[in-house]
Colleague: 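Quick one: the structure is below, questions incoming.
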Amino acid sequence: MNTTDFLEALFNAMSFSSILILTALGLAITFGVMRVINMAHGEMLMLGAYTAFAVEDPQAIPIVVHNLGKVLGDVALSLHLIGKDQVAAFDWHTTFGLNLSLFWAIPISFLVVAGVGWLLEVTLIRFLYGRPLDTLLATWGVSLILQQIVLLLFGADLKPMHMPETLDGNWQLADVAIPKYRMFIVFITGLCLLAVYLWFYKTGFGLKVRAVTQNRQMAAALGISTRRVDALTFAFATGLAGVAGCIFGHLFTVKYNMGPDYVVEAFMVVILGGTGQMAGTIAGGGLLGTGESFIEKLLVNASMAKVVVLLAVIGFIMVRPSGLFAPKERSYE
């Protein structure tokens, strides 16, 4: 491996590690801090991507309005609420559409997906705390429902996203072309990590979150509303997933079933780093991203690189199930 190959692998490792960390950040909060196995985490990314599509593409809202009218018309007809001659009344059309930039889409995606997460927590998740298997099955069902809703509203065709001109193209460093957008992902990941740190360790609400995490009964006895803490923490975590989906929507293709493509590696990052450890999430994402990028450069095969990294992670977890940053479990054998 010459210097050019090394630099290419290094910058690819930085961007890919940032992608993994950004994907796993929200999951690290719900799975590590709240002990909730959220199988709908991938769908929160998907909602973030479609939110970005809705606010950036001027044709998105007309598509949603037309498909919504068609769905309601079909439902009304199947329930015999209207006759066949009245179906045309549901042929809705509009020319209204938004044409905002990515820089507006990022905060909007956070707020929209955080709202969905808050609604999910107050209507379903809060009744399943302490029942991990039930939470897993329930959120898996939610993920299927969200996929079908998006399919009905937006259709099955893949949605291309347009890169902002300021982030399009490459920077040239010696013989290495560095994509501007991938460096932008590194920057956004750093901002999200800073926001999580400040929120958890520099605010009164973050103190309440840590108190509830350590001893829920004592926190409640001291007057902390554990339900409010749970709802807002879950909303914040899903909002981060929305940001990740918005970012990825401009890098990869947006489709209604894109969620499962990300959730597996996100769980791997959280488990490798150690559940409930923010530093572990960063370390896990960095190790996976760096390992896969350099192995891919050596083997010239992305699929083989994933296999090698996956086997290495499985071997490490067998030796140290608690992860990188959790205390090593004692053996009583």
Side-chain angles (χ1 to χ4, degrees), residues 3-29 41 44-45 48-49 52 56 101-110 113 161-200 236-237 239-254 258 261-262 265-266 268-270 272-273 277-297 302 305-306 309 324-325:
T3 304
T4 301
D5 291 337
F6 176 81
L7 289 176
E8 287 181 353
L10 179 62
F11 285 114
N12 286 337
M14 288 176 59
S15 61
F16 186 52
S17 297
S18 297
I19 289 173
L20 290 177
I21 293 169
L22 195 57
T23 306
L25 195 54
L27 189 63
I29 296 174
H41 182 75
M44 298 301 154
L45 272 80
E56 292 183 42
S101 70
L102 169 66
F103 305 106
W104 281 103
I106 291 174
I108 292 174
S109 296
F110 175 84
V113 180
M161 303 285 283
H162 302 290
M163 192 77 68
E165 292 183 5
T166 54
L167 298 176
D168 201 8
N170 303 309
W171 286 312
Q172 200 68 30
L173 178 63
D175 296 328
V176 181
I178 306 172
K180 294 181 181 178
Y181 190 70
R182 286 187 175 267
M183 291 299 101
F184 178 71
I185 294 176
V186 176
F187 173 73
I188 291 296
T189 302
L191 282 183
C192 290
L193 289 171
L194 178 61
V196 171
Y197 172 78
L198 293 176
W199 186 60
F200 265 88
F236 182 77
L240 290 174
V243 172
C246 175
I247 295 296
F248 299 160
H250 295 75
L251 191 63
F252 308 110
T253 304
V254 178
M258 64 185 286
D261 297 341
Y262 300 102
E265 285 188 313
M268 285 175 57
V269 169
V270 174
L272 177 62
Q277 303 293 326
M278 293 295 106
T281 301
I282 299 172
L287 285 175
L288 284 180
T290 302
E292 191 166 323
S293 296
F294 277 91
I295 292 173
E296 180 180 346
K297 201 69 178 178
K306 285 185 178 293
V309 170
L324 286 168
F325 276 69

Colleague: Taking only residues two or more places apart in sequence or in another chain, which ones pass side-chain hydrogen bond (donor to acceptor under 3.5 Å, both in side chains) with Lys180?
Modeller: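 Testing Lys180 for side-chain hydrogen bond (donor to acceptor under 3.5 Å, both in side chains), a comparison that skips the adjacent residues, returns none.
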
Colleague: Roughly how far, to the nearest 0.5 Å, is CD1 of Ile178 from CG of Asn12?
Modeller: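 Asn12 atom CG to Ile178 atom CD1 measures 10.0 Å (nearest 0.5 Å).
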
Colleague: Just wondering, do Leu102 and Cys246 contact through their side chains at under 4.5 Å, heavy atoms?
Modeller: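 A side-chain contact under 4.5 Å exists here.
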
Colleague: Would you indicate whether the side-chain heavy atoms of Leu288 and Glu265 approach each other to under 4.5 Å?
Modeller: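 Heavy-atom side-chain distance check fails, nothing below 4.5 Å.
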
Colleague: From Leu27 CG over to Met268 CE, what is the distance, rounded to the nearest 0.5 angstrom?
Modeller: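 Atom-to-atom, Leu27:CG and Met268:CE are 13.0 Å apart.
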
Colleague: Is a side-chain N or O of His41 found less than 3.5 angstrom from the main chain of Thr23, in a donor-acceptor match?
Modeller: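 Yes: the side chain of His41 pairs with the backbone of Thr23.
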
Colleague: Please identify each residue that fulfils side-chain hydrogen bond (donor to acceptor under 3.5 Å, both in side chains) with His250, with sequence neighbours left out.
Modeller: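 Applying side-chain hydrogen bond (donor to acceptor under 3.5 Å, both in side chains) to His250 gives Glu56.
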
Colleague: Hey, what do you get for CG (Leu167) to CZ (Phe103), rounding to the nearest 0.5 Å?
Modeller: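 Output value for this atom pair is 4.5 Å.
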
Colleague: Taking atom CD of Glu292 and atom OG of Ser17, what is their separation to the nearest 0.5 Å?
Modeller: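 Interatomic distance, Glu292 CD to Ser17 OG, rounded to 0.5 Å: 9.5 Å.
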
Colleague: Considering only heavy atoms from C-beta outward, does the side chain of Ile29 approach that of Leu240 to under 4.5 Å?
Modeller: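 Contact flag for Ile29/Leu240 side chains = yes.
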
Colleague: Could you tell me whether a side-chain N or O of Tyr181 sits under 3.5 Å from a main-chain N or O of Pro164, the two making a donor and an acceptor?
Modeller: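 A pair under 3.5 Å: no.
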
Colleague: Could you pull out the closest heavy-atom pair between Leu25 and Cys192, with the gap in Å?
Modeller: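 Here Leu25 and Cys192 meet closest at CD2-CB, 3.9 Å.
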
Colleague: Can you check whether Phe11 reaches Val186 side chain to side chain, under 4.5 Å on heavy atoms?
Modeller: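 Not in contact.
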
Colleague: Would you compute the distance between atom CG of Leu45 and atom CD1 of Ile247 and round it to the nearest 0.5 angstrom?
Modeller: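 Output value for this atom pair is 11.0 Å.
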
Colleague: Angle between ring planes, Phe252 versus Tyr262, binned at 30° and 60°: parallel, tilted or perpendicular?
Modeller: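 Answer is tilted, since the angle falls between 30° and 60°.
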
Colleague: Report the residue from Val196, Leu191, Thr189 that forms a side-chain contact (heavy atoms from CB on, under 4.5 Å) with Leu193.
Modeller: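 The passing option is Thr189.
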
Colleague: Can you give me the closest heavy-atom contact between Gly284 and Leu324, atom names plus distance?
Modeller: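 Closest approach of Gly284 to Leu324: N-CD1, 4.3 Å.
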
Colleague: Nearest heavy-atom pair of Phe294 and Ala13: which atoms, and what distance?
Modeller: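 In terms of heavy atoms, the two residues are closest at CE1-CB, 4.3 Å.
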
Colleague: Compare every heavy atom of Ser109 with every heavy atom of Ala52, then report the nearest pair and how far apart it is.
Modeller: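 The answer is N-OG, 3.8 Å.
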
Colleague: So, using side-chain hydrogen bond (donor to acceptor under 3.5 Å, both in side chains) as the criterion, who are the partners of Ser15 when residues are at least two apart?
Modeller: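 Arg182.
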
Colleague: Taking all non-hydrogen atoms of both residues, which atom of Val269 and which atom of Thr281 are closest, and how far apart?
Modeller: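 Here Val269 and Thr281 meet closest at CG1-O, 3.4 Å.
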
Colleague: Are more than 12 heavy atoms, taken from residues, nucleotides or ligands other than Glu165, located less than 6.0 Å from that residue's CD atom?
Modeller: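 Result for CD/Glu165: open.
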
Colleague: Quick one: closest heavy-atom pair of Leu20 and Gly285, and the distance?
Modeller: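 Looks like CD1-O, 3.8 Å.
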
Colleague: Pair Val254, Met161 - check side chain to side chain contact (heavy atoms under 4.5 Å, CB included), show working.
Modeller: CA-CA 8 Å; Val254 178; Met161 303 285 283; 3.7 Å; yes

